[in-house]
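Below is one structure; the comments refer to it alone.
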Amino acid sequence: QVQLAESGGGLVQAGGSLTLSCAASGGSFSSYAMGWFRLAPGKEREFVATISRSGGLTKYAGDVEGRFTISRDNAKNTVSLQMNSLRFEDTAVYYCAASQLAVIGTLVPTYDYWGQGTQVTVSS
């Protein structure tokens with residue numbers, strides 16, 4: 001079983017950048033596809049980005065494509081989300097998640113382990 005801990009959230013002005021990090025422990029990190037999701041007030045948890053076990057495949061939600069970049073370092077058991085050109089609507093709690101599936105997925109139920117989340121607030 002893997003434990004996940006996010007960091008790097010905070011308050012940023014619209015147009016600014018933030019990098020979120022997720023540290024994994026207690027499991028074989030390279031055997032999990034990893035994803036980032038977010039939960040905004042009044043909305044359901046939504047997919048942001050995912051990366052395959054090796055890091056060779058990535059997929060993004062349409063509204064973050066070209067602005068966010070997901071990456072992983074299997075030697076350090078970390079996955080990151082570089083967020084550029086942030087918008088007010090990116091404000092949410094961001095969650096790191098791990099999936100035991102062999103393919104990357106965008107659906108919440110396909111992820112087995114979740115972190116506690118980190119708040120990102122973008123001021124307009």
Side-chain angles (χ1 to χ4, degrees):
Q1 185 171 352
V2 64
Q3 290 81 46
L4 304 172
E6 303 94 338
S7 61
L11 174 64
V12 63
Q13 288 188 329
S17 299
L18 274 178
T19 299
L20 305 182
S21 294
C22 174
S25 61
S28 179
F29 181 70
S30 61
S31 66
Y32 296 96
M34 299 298 297
W36 286 96
F37 290 76
R38 64 189 180 188
L39 180 62
K43 294 186 178 182
E44 295 185 352
R45 191 172 301 197
E46 65 175 7
F47 166 75
V48 175
T50 184
I51 189 166
S52 62
R53 295 169 174 176
S54 67
L57 291 175
T58 59
K59 185 175 179 63
Y60 298 90
D63 60 343
V64 307
E65 182 92 48
R67 299 189 297 123
F68 292 9
T69 302
I70 188 171
S71 61
R72 67 187 296 163
D73 186 335
N74 285 345
K76 296 182 178 179
N77 291 354
T78 59
V79 60
S80 299
L81 185 69
Q82 172 69 42
M83 305 186 295
N84 298 325
S85 302
L86 282 162
R87 305 168 181 169
F88 175 76
E89 53 266 35
D90 293 319
T91 295
V93 177
Y94 283 71
Y95 296 89
C96 171
S99 172
Q100 299 179 84
L101 294 180
V103 296
I104 56 175
T106 64
L107 301 177
V108 169
T110 62
Y111 287 80
D112 304 285
Y113 304 104
W114 295 81
Q116 293 300 307
T118 186
Q119 176 71 47
V120 171
T121 302
V122 184
S123 61
S124 57

Completion exercise
Smallest heavy-atom separation, Asn84 atom then Ser17 atom, equals OD1-OG, 2.9 Å
Practice task
Report the distance from atom OG of Ser52 to atom CD1 of Ile104, rounding to the nearest 0.5 Å.
Solution key: 6.5 Å
Problem - Pairwise side-chain contact, Tyr94 with Val48, heavy-atom cut-off 4.5 Å (strictly under) - result: yes
Practice task
Treat each ILVMFWY residue as a node, draw an edge where side-chain heavy atoms are under 4.5 Å apart, and state whether Met83 and Phe47 are in one component.
Solution key: no
Exercise for the section: Using the test ring-ring contact (aromatic ring centres under 6.0 Å, His included), find all partners of Tyr111 that sit at least two apart in sequence or belong to another chain. Expected result: Phe37
Exercise for the section: Check whether any side-chain N or O of Glu6 sits under 3.5 Å from a backbone N or O of Cys96 as a donor-acceptor pair, and report yes or no. Expected result: yes
Problem - same_hphob_cluster(Val93, Trp36) at 4.5 Å side-chain heavy-atom cutoff - result: no
Exercise for the section: Please round to the nearest 0.5 Å and tell me the distance separating atom CD1 of Ile70 and atom CG of Leu57. Expected result: 11.5 Å
Practice task
If a pair satisfies side chain to side chain donor-acceptor pair (under 3.5 Å) and one of its residues is in residues 61-70, list it, with sequence neighbours excluded.
Solution key: Arg38-Asp63, Arg67-Asp90
Exercise for the section: May I have the step-by-step check of side-chain contact (heavy atoms from CB on, under 4.5 Å) for Gln82 and Ser71, ending in yes or no? Expected result: CA-CA 8 Å; Gln82 172 69 42; Ser71 61; over 6 Å; no
Handout entry: Cation-pi geometry met for Arg72 and Tyr32 (6.0 Å, 45°)
Key = no
Exercise for the section: Rounded to the nearest 0.5 Å, what's the gap from CD on Gln100 to OG on Ser31? Could you check? Expected result: 7.0 Å
Practice task
Please answer whether the main-chain N or O of Gly9 pairs with a side-chain N or O of Thr118 as donor and acceptor at a distance below 3.5 Å.
Solution key: yes
Fill in the blank from the handout: Between Ala24 and Leu4 the two heavy atoms that sit nearest each other are CB-CD2, 3.7 Å
Problem - Hydrophobic cluster membership, Ile51 vs Leu18, 4.5 Å side-chain cutoff - result: yes
Handout entry: Phe29/Val79 under side-chain contact (heavy atoms from CB on, under 4.5 Å): CA gap, chis, key distance, verdict
Key = CA-CA 10 Å; Phe29 181 70; Val79 60; 4.3 Å; yes
Handout entry: Minimum heavy-atom distance Thr91-Phe88, with the two atoms named
Key = OG1-O, 2.9 Å
Handout entry: Linked, directly or transitively: Val120 and Tyr95 (ILVMFWY side chains, under 4.5 Å)
Key = no
Fill in the blank from the handout: Here the gap from Ser99 atom OG to Arg53 atom CZ, rounded to the nearest 0.5 Å, amounts to 8.0 Å
Handout entry: Closest heavy-atom pair and its distance - Ala14, Ser124
Key = CB-CA, 4.3 Å
Handout entry: Residues Gln13 and Ser123: side-chain donor-acceptor under 3.5 angstrom
Key = no
Completion exercise
Separation between CZ (Phe68) and CG (Leu81), nearest 0.5 Å, reads 6.0 Å
Handout entry: Donor on one side chain, acceptor on other, Asp73 and Thr78, under 3.5 Å
Key = no
Practice task
With rounding to the nearest 0.5 Å, note down the distance linking SG in Cys22 to CD in Gln3.
Solution key: 11.0 Å
Practice task
May I ask whether Met34 and Val108 are part of the same hydrophobic cluster, defined by side-chain heavy atoms of I, L, V, M, F, W, Y residues being less than 4.5 angstrom apart, directly or through others?
Solution key: no
Problem - Heavy-atom neighbours of Gln116 CD exceed 12 at 6.0 Å - result: no
